[in-house]
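Quick notes on the structure that follows.
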2 protein chains.
Amino acid sequence: MTTTDRAAEVEPGRRDRKKTATRERLITEAARLFETKGFDETTTTEIAEAADVAQRTLFRHFPTKEAVLFGDMVDLRIELREALAARPDDEPVLEAVRQAVLALADDHQRHAERRRLQFRLAASVASVSAYSRAVVQASWEREIIRAAAARLGVDPVDDPRPEIIAGAAMSALRVATRQWTARAADTDFVALADAALVATGDLGPTAH
Amino acid sequence: MTTTDRAAEVEPGRRDRKKTATRERLITEAARLFETKGFDETTTTEIAEAADVAQRTLFRHFPTKEAVLFGDMVDLRIELREALAARPDDEPVLEAVRQAVLALADDHQRHAERRRLQFRLAASVASVSAYSRAVVQASWEREIIRAAAARLGVDPVDDPRPEIIAGAAMSALRVATRQWTARAADTDFVALADAALVATGDLGPTAH
DNA sequence: CAGCGTAGTGTCAGTCACTGACATCAGTCA
DNA sequence: TGACTGATGTCAGTGACTGACACTACGCTG
């Protein structure tokens, strides 16, 4: 058990290291350019050149320009899935979802600067907003749906409740995100998210 | 200004009639081409030529190719807003939202063929999915948020509940849409949507 | 360790969504 | 009727993305 942890983590060779290095260079250079020049004003060729690769290489690592911006979020889906799986089986569904989504919130807190850039661009650039909603957030939503369906013991195609729970949780997360983006950099994002997620369980009492 | 007064329904002149005729020709020709050739396989120039206008004219009527596909949904937002406003003030929020969203469902029922094409493409083409979520559905969601906030007497920026309600309702609608698309053409969409929306109020009881 | 297969990259040329600029023509209205 | 204005056509671009092909270096196997 030297560097191998659980699922046979083999030391990656030079080729793989170069590949991930290129990928990360693209992500950071893109973020820097988006920050300084704006999203639409930055071309994919500029990003590629800043990372010292050909434009074609950028599109071998990412399917779209938007995907470069959110490139550091790919494993968040897995993280959310594991957080959901880690909740005790006898915990109420909404509580399990709430706790798991706080793992996402915690990640945002840890990568505050990058997340703020992403949220800011999602709020101002149409194509980024669309990507964030339809690709990033939708992937999280699917994890919540899957987990909620499993806990409720139902088929998410027949029973609408898993998807409704997921939609409500994602809405809560969006509210927290918007509030956080509008406030000072040291605002506690997890607390905001928690407050919003608690309100998710209050839909009944909202009745009137 | 324009001709006489504005809010009232004035008989549109020949110029306006031509304009809307062009717009509608673009929408129907696009739908026909998307149906037969597929979305990605149809170029905007082909759509324009089928409608007997220049490609440039298409982009004066619609900002994107996806917007042409959903061109017949523009006034649905207004319809939803009015349905929300029409609900009695003393009705519980969730019930008002449910009834209003059934107005959307009813529209889908009435334009079954076109809606099925749109949903099918949204399920298979990434850019269409993104547009549907981030533009079309998001606009409905905003209407629900606004109405729910007004009914609860809260500011939707501070209080997450309006957005959570809206997110849950939109999720219910998406479930119903997916179920409907997968079933026979004469399936009762309103009934499916109603069943899903009823479940929205059951999040508390879902507890365990 | 020599040699072979292949993954990651560069280069080039092409497609297509979308846009600015300018000319033209047709409704509209004084 | 004549001036104004808004819808359209034409043309020339920009920039995101893609297929094809060649090349190099990594890594494995004999």
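Predicted, not measured: the structure shown is a model, and the values here were computed from it. The chains referred to below are lettered A, B, ... by the order of the sequence lines, with proteins before strands, and numbering in each begins at 1.
- We find the CZ-CD1 distance between B:Arg151 and B:Ile165 to be 10.5 Å, quoted to the nearest 0.5 Å.
- Nearest-nucleotide positions on DNA chain D place B:Ala54 closer to the 5' end than the other of B:Ala54 and A:Thr44.
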Just list the side-chain donor-acceptor pairs under 3.5 Å for residues 73-82 of chain B, sequence neighbours left out, or say none.
from    : atom 1 : to       : atom 2 : distance (Å)
B:Arg77 : NE     : B:Glu143 : OE2    : 3.1
B:Arg81 : NE     : B:Glu143 : OE1    : 3.2
B:Arg81 : NH2    : B:Glu143 : OE2    : 3.0

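- The pair A:Arg32-A:Glu35 does not count as a salt bridge, with every side-chain nitrogen at least 4.0 angstrom from each carboxylate oxygen.
- When rounded to the nearest whole Å, the span between CD of A:Glu66 and C1' of C:dA17 equals 13 Å.
- Scanning for side chain to side chain donor-acceptor pair (under 3.5 Å) contacts around B:Arg115 gives B:Asp72, B:Asp107, B:His108, B:Gln118, with sequence neighbours left out.
- Residues satisfying the side-chain contact (heavy atoms from CB on, under 4.5 Å) criterion with A:Ala51, sequence neighbours excluded, are A:Arg25, A:Leu26, A:Glu29, A:Val53.
- For B:Thr20, the side-chain contact (heavy atoms from CB on, under 4.5 Å) criterion is met by no residue, not counting sequence neighbours.
- Put simply, CZ on B:Arg14 is 18 Å from P on C:dC25, counting in whole angstrom units.
- Using a 4.0 Å heavy-atom distance criterion, B:Ser127 is classed as making no nucleic acid contact.
- For B:Thr43 and C:dC16, the shortest distance from a side-chain N or O to OP1 or OP2 is not below 4.0 Å.
- Listed by first then second residue, pairs satisfying ring pair (Phe, Tyr, Trp, His ring centres under 6.0 Å) with a partner in residues 17-56 of chain B read B:Phe34-B:Phe39, not counting sequence neighbours.
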N/O to N/O distances under 3.5 Å, protein versus nucleotides 5-8 of chain C:
from  : atom 1 : to      : atom 2 : distance (Å)
C:dA7 : O4'    : A:Arg15 : NH1    : 3.3
C:dG8 : OP1    : A:Lys19 : NZ     : 3.0

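- Partners of A:Thr187 by side-chain contact (heavy atoms from CB on, under 4.5 Å), not counting sequence neighbours, listed by chain and number: A:Trp180, A:Arg183, A:Ala184, A:Leu192.
- In this structure, B:Thr20 reaches neither bases nor backbone, as no heavy-atom distance under 4.0 Å exists between it and the strands shown.
- In this structure, C:dA30 and D:dT1 make a Watson-Crick or G-U wobble pair, each of the two defining distances being under 3.5 angstrom.
- Contacts of B:Glu24 classified as side-chain contact (heavy atoms from CB on, under 4.5 Å), with partners at least two apart in sequence or in another chain: none.
- Evaluation of the ring pair (Phe, Tyr, Trp, His ring centres under 6.0 Å) test over residues 52-81 of chain B, restricted to residues two or more places apart or in two chains, returns B:Phe70-B:Tyr131.
- Summarising the geometry, the separation between CZ on B:Phe39 and C1' on C:dA17 is reported as 10 Å, rounded to the nearest angstrom.
- With a cutoff of under 4.0 Å to any heavy atom of chain B, the contacted region of DNA chain D is bounded 5' to 3' by D:dT5 to D:dT10.
- Here salt bridge (charged side-chain N to carboxylate O under 4.0 Å, His left out) pairs that include residues 165-175 of chain A, with residues two or more places apart or in two chains, are A:Arg174-B:Glu141, A:Arg174-B:Glu163.
- If you check residues 28-37 of chain B against DNA chain C, you find no residue with a heavy atom closer than 4.0 Å.
- Residue contacts shown for B:Arg56 include a base, since a base heavy atom lies under 4.0 Å away.
- Separating the OH atom of B:Tyr131 from the C1' atom of C:dA17 is a distance of 15 Å, rounded to the nearest angstrom.
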